[in-house]
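One structure below.
The shown structure was predicted, so the numbers you read here are calculated from the model rather than taken from an experiment. Within every chain, numbering begins at 1; the chains are lettered A, B, ... in the order of the sequence lines, protein sequences first and strands thereafter.
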Amino acid sequence: MEADNNEKSLNFIEQIIDKDLLEGKNGSRVHTRFPPEPNGYLHIGHAKSICLNFGLGIKYGGKTNLRFDDTNPTKEEDEYVNSIIEDVKWLGFQWDGDICYTSNYFQQLYDWAVQLIKEGKAYVDDQSAEEISAQRGTPQKPGVESPFRNRPLEENLDLFERMRRGEFANGEKVLRAKVDMASPNMQMRDPVMYRILHASHHRTGDKWCIYPMYDYAHGQSDYIEQITHSICTLEFENHRPLYDWFLDQIATGDRPQQIEFARLNINYTVMSKRKLLELVEGNYVSGWDDPRMPTISGLRRRGYTPESIRNFTDRIGIAKRDNVIEYSLLEFLLREHLNKITKRVMAVLNPLKLTITNYPEGEFEEVELVNNPEDENSASRKLPFGRNIYIEQADFMLNASRKYYRLSVGREVRLKGAYIIKCNDYVADENGEITELLCTYDPETKSGSGISRRVKATLHWVNAEKCIDAEVRLYDRLFTDEDPAGHKEIDFKEFINPDSLKILSNCKLEPSLAEAKAEDKFQFQRLGYFCVDKDSSKEKLVFNRTVSLKDSWAKRK
RNA sequence: UGACCCAUGGUGUAAUGGUAGCACUACAGUUUUUGGUACUGUCAGUCAAGGUUCGAAUCCUUGUGGGUCAACCA
């Protein structure tokens, strides 16, 4: 038993696979697939599915396909295809073989549909969507059969062929599977297999004007690709009998099995492509990659690392019960990774002028700081120090309590990597705003000199003459409510956090940051992790706050 | 008034008939030239009732609570 201590326990899907392997099912192959519909950008919920499917492929020495489930030309676009490909790669995964598209199988799907018609298992229905819907019944009440249900085979064949040829308008006819209108499972009540859509498809153009529905296309696509384990989310559980029914009609060899797991939910955010689209189209955010979005591209722009996201999907586990993960777990894993890899730099977001009155005017010296104390191989760099510096406004307080460790008149602090200073006086403007601090430094206390005494706090700073300017964007959660989409009476957009973005345009950075490029990541000492935004340029540096450092002082207040 | 699924600390997830564990959160402390990191500790859990068993979170029954399903979406 205790030999297993180092081994991670298996989730229920891995247990199923282990059993299948043991029984030699499907020739003991493992072949999964990630099947997004290209109708939006991927979000972190998809990351869970990506890591699961590709992870299983890797773990069992099997394969994983990337398949675009593109059966609805009215919603799908190449822009989405491209973003999905980029996101999967960025997360660190590589699919086997070529990228697959359900649209590649349109002809085969059509042929199988003809076969079903010939076997009397599918029929063309002339009724409107409303009529069909009315006949479907309710979960409690069985449906009634369509008047067209038993039309002759030849007529069905002819009509279906003419549907394909474009002789009918959208909605005029559908092809339905003949299953069971009285089934207690609504999915089995003669589901629609094909609908007429005179729309141009992003890949097949105008070749087709009838398109297969998800239920008819998905399992067959899995079968064509020799998928062994077709993993999807819980809402498809009721579809499984239908998934199997279609396979029963056509499959002769190995066949895939559908396994459902609980989708990811995270508090203080929304996780549906429809709602995210709404945020984008309503300009509530700047786009799919707005750093506040839970999209992969948004997280990337915000400064998340693929490692932290993969780690996250690993920690949350795979199970069947509904779950809401706390955002703090994601942030914990993010900080954990960023703490190891980022260079520490000094940046002052809300500058307050500080003059060291006993430091000679016009003189500078260099002080040395390690780039990352967490990394013993880390190099160090030199920073200019002088008479005039900036510190953070929040690091000075006029009437400071004993719990406040930072600067106040008469108190001492250390300037990180430099000297201990003492605040003697301050200057205020006509409004009482403090505009400048007057301090003296103790030349004996230079960092590394070995001469030191205990001070309560160490502050970050930049040299006022030799710093560079930048814009810094501070992000907070996009929603103020833990479950913005969970209120029946209130639209989720009502909960958008008005303070989710704060732009600081007068930030002062240490000069080494001048060359930073988009997506470069840093720890701004004592403040948090920041990355260069894609809006950044040599002329105007722009940083995003990825996540703040944990702040036990802020909590105490 | 149907079918299917689910139920373990605040959150997530283990334990697969044999000592209820891990992580996050919260709180307290140690270390610290980041009020960070690291480390230590504390609080806190098997939905309920019956049954089977030497022994039940685990198996059975019933109940309770929650989720999904009535797109020509996926």
Could you list all the side-chain hydrogen bond (donor to acceptor under 3.5 Å, both in side chains) pairs where at least one residue sits in residues 263-276 of chain A, not counting sequence neighbours? A:Asn39-A:Lys273, A:Glu235-A:Arg263, A:Arg274-A:Glu278
Restricting to pairs with a member in residues 311-320 of chain A, which pass side-chain hydrogen bond (donor to acceptor under 3.5 Å, both in side chains), not counting sequence neighbours? A:Glu237-A:Lys320
Bracket string, RNA chain B, 5' to 3' - pairs by Watson-Crick or G-U geometry under 3.5 Å, | interstrand: .((((((..((((....[..)))).(((((.......)))))....(((((..]....))))))))))).....
Is the centre of the [X] ring less than 6.0 Å from the centre of the [Y] ring?
X        : Y        : result
A:Tyr194 : A:Tyr216 : yes
A:His239 : A:Tyr243 : no
A:Phe522 : A:Phe530 : no

Return the polar atom pairs (N/O with N/O) between nucleotides 39-44 of chain B and the protein under 3.5 Å, or none.
none

Note: contacts of residues 66-76 of chain A with RNA chain B (heavy atom, under 4.0 Å) are A:Asp69, A:Thr71, A:Asn72, A:Lys75
Near RNA chain B, under 4.0 Å by heavy atom, which residues of residues 164-178 of chain A? A:Gly171, A:Val174
Any pair counted as salt bridge (charged side-chain N to carboxylate O under 4.0 Å, His left out), so long as it reaches residues 367-382 of chain A, sequence neighbours left out: A:Arg381-A:Glu510
Out of B:U1, B:C4, B:A74, which has the shortest distance to the side chain of A:His239? B:A74
Those residues that, when tested against A:Tyr441, pass ring-ring contact (aromatic ring centres under 6.0 Å, His included) (two or more places apart): A:Tyr359, A:Tyr419
Can you label the angle between the A:His201 ring and the A:Phe106 ring as parallel, tilted or perpendicular, going by 30° and 60°? perpendicular
Assign the ring pair A:Trp208 / A:Tyr110 to parallel, tilted or perpendicular, where the plane angle (0 to 90°) is split at 30° and 60°. tilted
Rounded distance in Å between the C1' positions of B:A38 and B:U53: 48 Å
Between B:G9 and B:A26 - C1' atom distance, rounded Å: 12 Å
What string of B, S and - do you get for nucleotides 20-38 of chain B, 5' to 3', if B is base contact, S is sugar-phosphate-only contact and - is no contact with any protein heavy atom under 4.0 Å? ---SBSSS-----BBBBS-
Does a side chain donor of either A:Asn371 or A:Ser378 reach within less than 3.5 Å of an acceptor in the other side chain? no
Among all residues two or more places apart in sequence or in another chain, which pass the salt bridge (Lys or Arg N to Asp or Glu O under 4.0 Å) test with A:Asp481? none
Quick one: salt bridge (Lys or Arg N to Asp or Glu O under 4.0 Å) partners of A:Arg136, sequence neighbours excluded? none
Those residues that, when tested against A:Gln220, pass side chain to side chain donor-acceptor pair (under 3.5 Å) (two or more places apart): none
